[in-house]
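Report on the following structure.
Since this is a predicted model, take the numbers as computed values, not measurements.
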Amino acid sequence: MKKTITSKTKKITAAVGGVLSVIILMNIILSSCAVQTYDASIGNKKYATPDSVQTAETAVAAAATLPPTEPPTESPTEPLTEEPATEPYSEQEPATEAPTEAPTIEWATVMTMETKCPFEDQWNEGYIVAIDYPDKTYKTFHVELTEEDREVLEHLCMGEFGTGGFIGAALIAQCVKDAMCFDGFKTVEDVRVGCRYDASLDNTPTQEVKNAVSYIFDSDHAAVQHRIMYMYNPNLVSSAFHESQNYIMTYGDVRFFDRWGY
């Protein structure tokens, strides 16, 4: 009977010892792995130092031993002459870099007045094209055309802006008349050469063109209530000179200008 009890006691002792061994071994394993657990206040982050790699828990513990006012140690790899954090970064866009875009030509500014003039007033006075700011002081005198002047003028209006019909031809005829009245040209040919009208005269004027010439010269009307001294088509040529003048209006593709001042 005693042998049986002794045998059972040994077995129980061995089993308890085995359980204790297992528990001790598990504690050792868990202790070695404890540094890899997640800390909600820090996260699973690692902090690199020059000589080791610390886990979040050990980094926080090490930091707790430092005085509150002690600044963090700089990495030995960082240059000692590092610029202050507030220094502006200018490597990509130096402040002295010059613009690379070519300057653009500004369009001429229209001579403005205090209020716009109703279009009906201009049409009622015989002007064909109404503009926002007409020149109420605009006046010309009668110019009698010789047969040679008329022939040259009709071919000139046809060549310069015959595609503009009656209105286009009337605008060209007014340009010629304004040149004769304000710049003292004596003949249409003088205007053609002096003002550098270079359209071909080798054409057949339409009846609309002939009527426009008569409207401007014979009836002493004007196409627009403003002096117009220059014209050009920007689709055909570029002209910084024209665009530096006093822009008045555009009809079709042709732009008309006065010069600044009388």
Side-chain angles (χ1 to χ4, degrees), residues 108 110-111 113 117 119-146 148-199 201 203 205-234 236 239 241-243 245-262:
V110 176
M111 185 181 295
M113 301 173 64
C117 179
F119 293 164
E120 290 78 7
D121 291 352
Q122 298 171 66
W123 292 324
N124 291 338
E125 293 180 30
Y127 298 102
I128 304 170
V129 180
I131 57 177
D132 287 335
Y133 301 103
D135 179 4
K136 290 294 186 179
T137 67
Y138 171 73
K139 291 181 180 180
T140 58
F141 52 82
H142 178 74
V143 175
E144 190 72 30
L145 291 176
T146 65
E148 182 181 357
D149 283 337
R150 188 178 302 274
E151 182 177 3
V152 173
L153 183 56
E154 290 175 351
H155 286 276
L156 178 63
C157 292
M158 185 68 191
E160 290 289 349
F161 202 6
T163 57
F166 178 84
I167 296 177
L171 287 165
I172 299 299
Q174 181 179 336
C175 284
V176 173
K177 186 177 182 181
D178 284 345
M180 298 177 78
C181 291
F182 292 97
D183 285 347
F185 290 101
K186 301 300 183 182
T187 67
V188 174
E189 180 63 16
D190 290 343
V191 175
R192 188 181 75 84
V193 175
C195 296
R196 307 174 92 176
Y197 288 96
D198 55 5
L201 301 183
N203 55 60
T206 64
Q207 189 59 49
E208 281 186 319
V209 169
K210 293 180 179 181
N211 293 341
V213 169
S214 178
Y215 187 81
I216 299 300
F217 279 84
D218 300 336
S219 301
D220 286 332
H221 289 300
V224 60
Q225 194 174 16
H226 204 293
R227 187 178 69 173
I228 47 179
M229 305 296 292
Y230 313 110
M231 48 75 61
Y232 88 113
N233 187 336
L236 301 179
S239 176
F241 166 76
H242 284 84
E243 296 303 337
Q245 304 303 307
N246 182 20
Y247 170 71
I248 303 303
M249 57 163 289
T250 297
Y251 184 72
D253 294 330
V254 180
R255 294 169 64 82
F256 293 87
F257 302 81
D258 189 8
R259 63 169 172 256
W260 295 106
Y262 277 69

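Asp178 pairs with exactly one of Tyr230, Phe185, Tyr138 by the side-chain contact (heavy atoms from CB on, under 4.5 Å) rule, that one being Tyr138.
Put simply, CD1 on Ile228 and CD1 on Ile131 are 9.0 Å apart, with the number rounded to the nearest 0.5 Å. How far NZ of Lys177 is from NE2 of His142: 7.5 Å, rounded to the nearest 0.5 Å. For the atom pair Cys157 SG and Gln174 CD, the distance stands at 11.0 Å (nearest 0.5 Å). With rounding to the nearest 0.5 Å, the separation of CD1 in Ile248 from CG in Asp132 is 11.5 Å. Separating the CG atom in Leu153 from the CD atom in Glu148 is a distance of 12.0 Å, to the nearest 0.5 Å. In this structure, CE on Met249 lies 11.0 Å from CZ on Phe257, to the nearest 0.5 angstrom.
Every residue two or more places apart in sequence or in another chain that forms a side chain to side chain contact (heavy atoms under 4.5 Å, CB included) with Thr206 is listed here: Met158, Glu208, Val209. Under the ring-ring contact (aromatic ring centres under 6.0 Å, His included) criterion, His155 pairs with no residue, sequence neighbours left out.
Between the side chains of Ser214 and Asn211, not a single donor N or O lies within less than 3.5 Å of an accepting N or O. A donor-acceptor pair shorter than 3.5 Å can be found between the side chains of Tyr232 and Glu243.
By the 6.0 Å and 45° rule, Arg150 does not stack over the aromatic ring of Phe217.
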